[in-house]
Amino acid sequence: MSARPVGLSRDLPAARVMRAMVDEQDVVVWRSAGGTLAAWDNRCPHRGMALSHGFVRGENLACLYHGWHFGCEGGGCSMIPSHPELTPPETIRTRAFSAREQGGVIWVALSGEVEAPVDDLDGFAPLRSLHVEAAETTLLDAASDHAFPDARLRLLCNPIAPDLTQLVVLIDAAADTARQKAAARWCEQLRRSAEA
Ligand code: FES
């Protein structure tokens, strides 16, 4: 399966957690306090709580329910608060996926490694990530009907459902602030047009 763009790097600062969908898989994407990026099945190995409700503790993600900690390097359980003296068995671990950042975009692949380069993003800078209630083809048709005239854009799609697409937009890195603002407004117009 190919890598999917799930958001902008700048929208996931250190010690933050977000939820993403990748090819119908519910994924928790998070960044440790030290800046390490991780993407896992959004399901705690203990009782199935969504890990996206959890919180970052240093280099670990702690589940909201019983507080089990899972390390950013590999997703193994590192601590069980009710048994602090116990070294958790290696078998207790989250299902980890490949995640990397390129062009200011976070990419996740469910199988194999996210290949580099994911796409030719040279010369582009991150602009927006938004969800559009429309199929990917409808969205891209709307974009070609009303192309943004003032700068080059790259549109990266992550199809989430038949009628829901995550759109990650990059803009020519040379575009000035006025063009960036105009392009951000164009994204909203595109959303309305695709959803109409
Ligand atoms: S469900 Fe996550 S620690 Fe219990």
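Note that ligands are numbered from 1 as they come in the structure, with each ligand's atoms numbered from 1 the same way.
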Rounded to 10°, how big is the angle at atom 4 (Fe) of ligand 1 from H46 ND1 to H66 ND1? 90°

M21-I106 co-clustered via ILVMFWY side chain contacts under 4.5 Å: no

Cationic N near anionic O, under 4.0 Å, R128 to E188: yes

Check each atom of ligand 1 against the heavy atoms of C63 and keep those under 4.0 Å away; list them by number with element. 1 (S), 2 (Fe), 3 (S)

Hey, is W68 touching ligand 1 through its side chain, its backbone, both or neither, going by heavy atoms under 4.0 Å? both

Closest approach of any protein heavy atom to atom 1 (S) of ligand 1, naming residue and atom: R47 N, 3.3 Å

Here the pair of heavy atoms bringing V17 nearest to L51 is CG1-O, 4.2 Å

Is the W68 ring parallel, tilted or perpendicular to the H46 ring (thresholds 30°, 60°)? parallel

